[in-house]
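This report refers to the structure that appears directly beneath it.
Hydrogens, waters and symmetry mates play no part in the numbers below; they use all other heavy atoms, side chains included.
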Amino acid sequence: MRPMLWVTTAALALASVTACGATANKSDSNADSGKPATGLRLMVPNTAGGGYDTTARVAAKVMDDAKIATGVQVFNLPGAGGTVGLQRTVNEKGNGKLAMQMGLGVVGATYTSKSKATLTQTTPLAKLVEEAGAIVVPKNSPYKTIGDLVTAWKANPKGMAVGGGSSPGGPDHLLPMQLAQTVGIDPKNVNFVSYDGGGELLPALLGSKIAFGASGFGEFLDQVESGQVRVLAVTSEKPIDALKDVPTLKSSGIDLVFTNWRGIVAPPGISDADKKVWIDALTKMHDSAEWKSELQKHGWSDAFVTGDEFGKFLTDQDKAVADILTKLGLAA
């Protein structure tokens, strides 16, 4: 069976955010008045420059430019693969003004970080996008093709470091583990180096601290265009328009398809009115010409679903990730 996962990426820190407490806010009536929503805050649970951060800031800008929501505040709260931010979200029970940008990385981190907070405690709002992964090397790498890299990797898996912009259990970890398994490398022998988001991964790749990187291809588009890095393969079913000359793993004889995804959740216990404000704003954003332009610009695939449908997707993803991590010995 072809491996395929439609995912389609600190006690002190926890104590500091727990102290913030739960702050419920009055429902925003603007959703029914036709006026832009106000006072919304979108948390990014890892460092600036990564996929979550980019997605959140693009979403906030589109909502502001299209006068869907004004002054959306995006802020970063990194740590423990996103679970510091998740704990903050769960602590903010009833706060309908707050939401968290998230994706597969947070799903996996709840297991590998043994997080007390879980995604099942949150309020699902919307899945936004899917994005193919990429196998990337610096411009001076000796590996010119994915075949070259795999041959060297199989010869010395422990000696070749692969970096990812997520903690164990996230998409950038699951991708090289599944790739290793597909090409005949024991995943337990993979020398994986974890970075907190693409903002930390990129300097490590450019500085040749790792042999190759595994992450969403959108993280590297600017560096690909400037010639600083080379993408050896993408993990989608079909070639990517933004990287037309780059082969897929499948077309290179490696039977693996892997797609990451990103979405937004809110704290538990928010009112129906506050949930409607968020879902209405995100739906209007999704339908806007500005958002469609951003999808094309970043090479993201539209994967928009909201509410209960997104909740069911989260449940299915949770089970799929738990099964993979259990096989790797990273989850009980």
Side-chain angles (χ1 to χ4, degrees), residues 5-9 42-60 74 76-89 99-113 115 117-120 122-134 164-175 178 194-201 214-219 235-236 258-266 278 282 286 294-295 298-306 309-322 324-325:
L5 179 62
W6 283 103
V7 295
T8 348
T9 24
L42 188 52
M43 180 202 305
V44 176
N46 57 17
T47 56
Y52 290 169
D53 188 70
T54 300
T55 307
R57 293 183 189 280
V58 166
V74 179
N76 299 77
L77 185 63
T83 57
V84 170
L86 176 61
Q87 183 68 64
R88 164 73 177 272
T89 303
M100 182 179 77
Q101 179 72 62
M102 49 76 71
L104 170 70
V106 181
V107 178
T110 59
Y111 288 97
T112 57
S113 297
S115 172
T118 66
L119 284 164
T120 58
T122 67
T123 302
L125 295 177
K127 180 172 74 158
L128 300 180
V129 298
E130 291 176 349
E131 181 184 40
S166 60
S167 60
D172 295 2
H173 172 250
L174 293 174
L175 170 53
Q178 287 193 295
S194 174
Y195 296 92
D196 196 357
E200 290 188 3
L201 173 62
S215 191
F217 75 88
E219 309 259 0
T235 66
S236 50
F258 184 97
T259 308
N260 188 20
W261 60 270
R262 298 188 190 114
I264 295 177
V265 298
W278 274 106
L282 292 169
H286 165 260
E294 292 292 345
L295 290 178
H298 294 280
W300 296 333
S301 298
D302 187 3
F304 192 73
V305 295
T306 62
E309 188 176 355
F310 180 40
K312 182 182 183 304
F313 175 83
L314 277 179
T315 300
D316 293 343
Q317 287 294 286
D318 188 76
K319 183 180 184 305
V321 171
I324 292 172
L325 293 179

Check [X] against [Y] and note the closest heavy-atom contact, atom names and distance.
X	Y	answer
Ala134	Phe217	CB-CB, 3.6 Å
Met43	Pro45	O-CD, 3.8 Å
Leu175	Ser215	CD2-N, 4.4 Å
Pro124	Gly311	CG-CA, 3.7 Å
Val129	Ala303	C-CB, 3.9 Å
Ala117	Leu86	O-CD2, 3.5 Å

Rounded to the nearest 0.5 Å, what separation is found between the [atom1] atom of [X] and the [atom2] atom of [Y]?
X	Y	atom1	atom2	answer
Phe310	Gln317	CZ	CD	9.5 Å
Thr55	Arg262	OG1	CZ	4.0 Å
Asp302	His286	CG	NE2	3.5 Å
Phe313	Lys127	CZ	NZ	4.0 Å
Ile324	His173	CD1	NE2	10.5 Å
Gln87	Thr110	CD	OG1	12.0 Å

Side chain to side chain, [X] and [Y], heavy atoms closer than 4.5 Å:
X	Y	result
Val74	Gln101	no
Asp318	Tyr111	yes
Met102	Leu119	yes
Val106	Val265	no
Leu282	Ile264	yes

Quick one: salt bridge (charged side-chain N to carboxylate O under 4.0 Å, His left out) pairs with a partner in residues 102-112, sequence neighbours left out?
-> none
For [X], which residues count as a side-chain contact (heavy atoms from CB on, under 4.5 Å) partner, sequence neighbours excluded?
X	result
Ser194	Ser167, Pro168, Phe192
Ala266	Thr123, Leu125, Ile270
Thr306	Ala126, Ile279, Thr283, Phe304

Just to verify, what does [X] make a side chain to side chain donor-acceptor pair (under 3.5 Å) with, not counting sequence neighbours?
X	value
Asp53	Arg57, Asn76
Glu294	His298
Thr54	none
Thr118	Thr120, Gln121

Yes or no on side chain to side chain contact (heavy atoms under 4.5 Å, CB included) for Leu201 and Glu219, after CA distance, side-chain angles and deciding distance?
-> CA-CA 9 Å; Leu201 173 62; Glu219 309 259 0; over 6 Å; no
Could you tell me whether the side chain of Glu131 and the main chain of Gly299 form a donor-acceptor pair under 3.5 Å?
-> no
So, the side chain of Asp172 versus the backbone of Gly165: is there a donor-acceptor pair under 3.5 Å, distance only?
-> yes
Partner set under salt bridge (charged side-chain N to carboxylate O under 4.0 Å, His left out) for Asp316, not counting sequence neighbours | Lys312
